[in-house]
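Residue numbers count from 1 along this sequence. Atoms considered below: every heavy atom in the structure, side chains included; atoms not considered: hydrogens, waters and symmetry mates. Predicted model only: the values in this text are computed from it and were never measured.
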Amino acid sequence: MHAAYATKPDQSRGRLIPEEESSFRSPYQRDRDRIIHASAFRRLKHKTQVFVEHEGDNFRTRLTHSIEVGQVGRTIAAALGLNQELTEAVALAHDLGHTPFGHTGEDALHALMAPYGGFDHNAQAIRIVTSLERHYAEFDGLNLTWETLEAIAKHNGPVRGGLPWALAECNAAMDLELDTHASAEAQVAALSDDIAYNNHDLHDGLRAGLFVDDEITHLPIIGAAYAEVDQKYPDLDPLRRRHEALRRVFGVMVSDVIDTARANLSATGVQSVEEVRNLGRPVVAFSPELWRDLKEIRAFLFRRMYRAPSVMEVRLRMAKVVEALFPYFLNAPLQMPERWHEEIKAAPDEVALARIVADYIAGMTDRFALQLYEQLGEAGQLA
């Protein structure tokens, strides 16, 4: 049973291209399923989080991260009486627009695309689900519901000022009311993303040897979790001890969001999804106390993981891959696969051509981009 402030499937604003509804799936289940079956979703298995895809089999990829975000999102949505299918759809789609090599690749591609309108991975996710997935007979993209598109576009809050061009195109076709907050389901997906990466970046940083367990026990939340495990399970082997502690950290974050959101929803008295959108502030959030603790943890991860010398060295190498591939394909676009040729030949100007090249490069996996870079380099085709 959904709460009054939840998104109701029978009240959906529909799809850009009208379709007959399924007799056994809600509109948001259908959206979720289309996202799971999308080519861009499958490619996430070979796209990096922090570590490059080939550096180890046990590090998170964008795919495993998205699955974790979906799991957290469903848990929180269920506790709050929200629509779990919509929450999961947004969680699974939120990283579809990421380039190879994570934020390193995005930063490089954004700089290269600066003369052509820039690049933004959130807007690129919208572009993928509205245009670049081309499998269905009657439409490009996935023809998702208005609510799912709105949630992908606005899960981090209202989008004001100059819009990324990819988002502006979608918004012109289907007004997503970008100046308001999104549904509570979208807000849950955004916080679930934060919870998942805060937790698994600690796991991955420890696994990579960038820091050791004793170095994080002074951090808020984490120290108490290790102490609780040590008291309950003295002499536990190090890996089990770590897992037990970090799953408690995970639980603290999830519980805090549920408790804080319940308090916010009660205090505001919102009785519909429209009231949530127009409230002027999020209803799903961390408590101020936990947010302060998480900022301290993030500062530690920034120093010791995201800006670790070994990580920065790889980031510089990966940026050079994108910086070499983009101008190569911009100058020789017909070297792209044949399925792109019709669109390339129809491009009216260099801006349109650059955006096609950006679509191609952004869709690459870490593995494919590295292999292509090496092949072109060995052939002497890269500057």
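Using a 4.0 Å cut-off between charged side-chain N and carboxylate O, R240 and D237 make a salt bridge. Note on E323 versus K320: no salt bridge recorded, every NZ/NE/NH1/NH2 to OD/OE distance being 4.0 Å or above. At a threshold of 4.0 Å, the pair K47-D366 does not count as salt-bridged, since none of the basic side-chain nitrogens sits closer than that to a carboxylate oxygen. Under the 4.0 Å criterion applied to side-chain N and carboxylate O atoms, E244 and R248 are assigned as salt-bridge partners. The existence of a salt bridge linking D179 and R160 is excluded, since no basic side-chain nitrogen approaches an acidic carboxylate oxygen closer than 4.0 Å. For the pair R304 and D201, the salt-bridge criterion is not met [side-chain N within less than 4.0 Å of a carboxylate O]. Under a 4.0 Å N-O distance rule, the pair R15/E138 does not qualify as a salt bridge. At a threshold of 4.0 Å, the pair R13-E150 does not count as salt-bridged, since none of the basic side-chain nitrogens sits closer than that to a carboxylate oxygen. Using a cut-off of 4.0 Å between Lys/Arg side-chain N and Asp/Glu carboxylate O, R317 and E313 are scored as salt-bridged.
Ring geometry, F302 versus Y306: the interplanar angle exceeds 60°, so the pair is classed perpendicular (tilted spans 30 to 60°).
Looking at T148, its side chain never comes within 3.5 Å of a backbone N or O of L144 through a donor-acceptor pair. Between the E185 side chain and the A151 main chain, no donor and acceptor come within less than 3.5 Å of each other. At least one donor-acceptor pair under 3.5 Å links the side chain of E215 to the backbone N or O of V212. Here the side chain of R355 pairs a donor or acceptor atom with the backbone of Y116 at under 3.5 angstrom. A donor-acceptor pair is defined here as one N or O able to donate and one able to accept, closer than 3.5 Å; such a pair exists between the side chain of K8 and the backbone of A4. Of the possible polar contacts, none joining the E275 side chain to the Y5 backbone as a donor-acceptor pair under 3.5 Å is found. Side chain of T99 to main chain of G102: a donor-acceptor pair is present (N/O by atom type, distance under 3.5 Å, no hydrogens or angles). Put simply, the side chain of T268 gets close to the backbone of N264: a donor and an acceptor are under 3.5 Å apart. Between the side chain of N278 and the backbone N or O of E274 there is at least one donor-acceptor pair closer than 3.5 Å. Q187 places a side-chain N or O within 3.5 Å of a backbone atom of V284 that can act as its donor or acceptor partner.
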ask   = Checking side chain to side chain contact (heavy atoms under 4.5 Å, CB included) for the pair L86/S183: CA distance, chi angles, key distance, verdict?
value = CA-CA 10 Å; L86 175 58; S183 62; 4.2 Å; yes

task = List the steps and the verdict of salt bridge (Lys or Arg N to Asp or Glu O under 4.0 Å) for R34 and E19.
result = CA-CA 14 Å; R34 287 181 178 181; E19 296 183 55; 2.7 Å; yes

key: CA sep, side-chain torsions, deciding dist, call: L202, M305, side chain to side chain contact (heavy atoms under 4.5 Å, CB included)   = CA-CA 9 Å; L202 289 165; M305 186 173 181; over 6 Å; no

task = Take H200 and T64, measure what side chain to side chain donor-acceptor pair (under 3.5 Å) needs, and give me the verdict at the end.
result = CA-CA 10 Å; H200 64 51; T64 59; over 6 Å; no

request  = Show your working on salt bridge (Lys or Arg N to Asp or Glu O under 4.0 Å) between R74 and E85 and close with a plain yes or no.
outcome  = CA-CA 8 Å; R74 286 193 71 103; E85 287 76 25; 3.8 Å; yes

request  = Report the C-alpha separation of N331 and Y328 in whole Å, then their side-chain angles, then the decisive distance to 0.1 Å, and conclude whether the side chain to side chain donor-acceptor pair (under 3.5 Å) test is met.
outcome  = CA-CA 5 Å; N331 291 320; Y328 170 76; over 6 Å; no

task = Please test E169 against R127 for salt bridge (Lys or Arg N to Asp or Glu O under 4.0 Å), starting from the C-alpha separation and ending with a verdict.
result = CA-CA 8 Å; E169 282 188 351; R127 182 159 168 76; 3.6 Å; yes

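In this structure, L142 CG and I35 CD1 are separated by 6.5 Å, a value rounded to the nearest 0.5 Å. Here the CG-CZ distance, from N198 to R298, works out to 4.5 Å after rounding to the nearest 0.5 Å. With rounding to the nearest 0.5 angstrom, the CG atom of D359 is 4.5 Å from the CG atom of L132. Atom CZ of F329 sits about 5.5 Å away from atom CG of L376, to the nearest 0.5 Å. The distance from the NE2 atom of H46 to the CG atom of L63 is 9.5 Å, given to the nearest 0.5 Å.
The shortest non-hydrogen separation linking I297 to P220 is CD1-O, 3.5 Å. Scanning both residues, Y28 and P9, for their nearest heavy atoms gives CE1-CA, 3.5 Å. Among all heavy-atom pairs drawn from G97 and F119, the shortest one is O-CZ, 3.6 Å. Residue V72 comes nearest to V254 through the heavy atom pair CG1-CG2, 4.1 Å, listed as atom of the first residue, atom of the second, then distance. When all heavy atoms are compared, the tightest approach of Q124 to A362 is NE2-CB, 4.2 Å. Nearest heavy-atom pair, L92 versus S66, reported as atom, atom and distance to 0.1 Å: CD2-O, 3.5 Å.
The aromatic ring centres of H94 and H65 sit less than 6.0 Å apart. Taking the ring centroids of H103 and H98, they lie under the 6.0 Å cut-off.
In the model, S12 has a side-chain atom that pairs as donor or acceptor with a side-chain atom of E147 under 3.5 Å. Side chains of Y233 and D230: no donor on one and acceptor on the other come within 3.5 Å. In this structure, a donor-acceptor pair under 3.5 Å is absent between the side chains of N143 and Y136. Side-chain contact check for D31 and T145: at least one donor-acceptor pair (N or O, by modelled atom type) lies under 3.5 Å. At a cut-off of 3.5 Å, with distance as the only test, no side-chain donor of N83 or T7 sits close to an acceptor on the other residue. Looking only at atom types and distance, the side chain of R277 has no donor-acceptor partner in the side chain of T180 under 3.5 Å away. H341 and E343 are not linked by any side-chain donor-acceptor pair at a separation below 3.5 angstrom, with hydrogens and angles left out of the test. No donor-acceptor contact under 3.5 angstrom links the side chains of D107 and H110, judged on distance only.
Note on V229: it does not cluster hydrophobically with M253, by side-chain heavy-atom contacts below 4.5 Å among ILVMFWY residues. Transitive grouping of hydrophobic side chains (ILVMFWY, heavy atoms separated by less than 4.5 Å) keeps I67 and V69 in distinct clusters. V257 and L279 fall within the same hydrophobic cluster, where Ile, Leu, Val, Met, Phe, Trp and Tyr residues are linked whenever their side-chain heavy atoms come under 4.5 Å apart, directly or through other members.
Applying the side-chain contact (heavy atoms from CB on, under 4.5 Å) test between I222 and each of V249, D213, D293 identifies V249 as the sole match.
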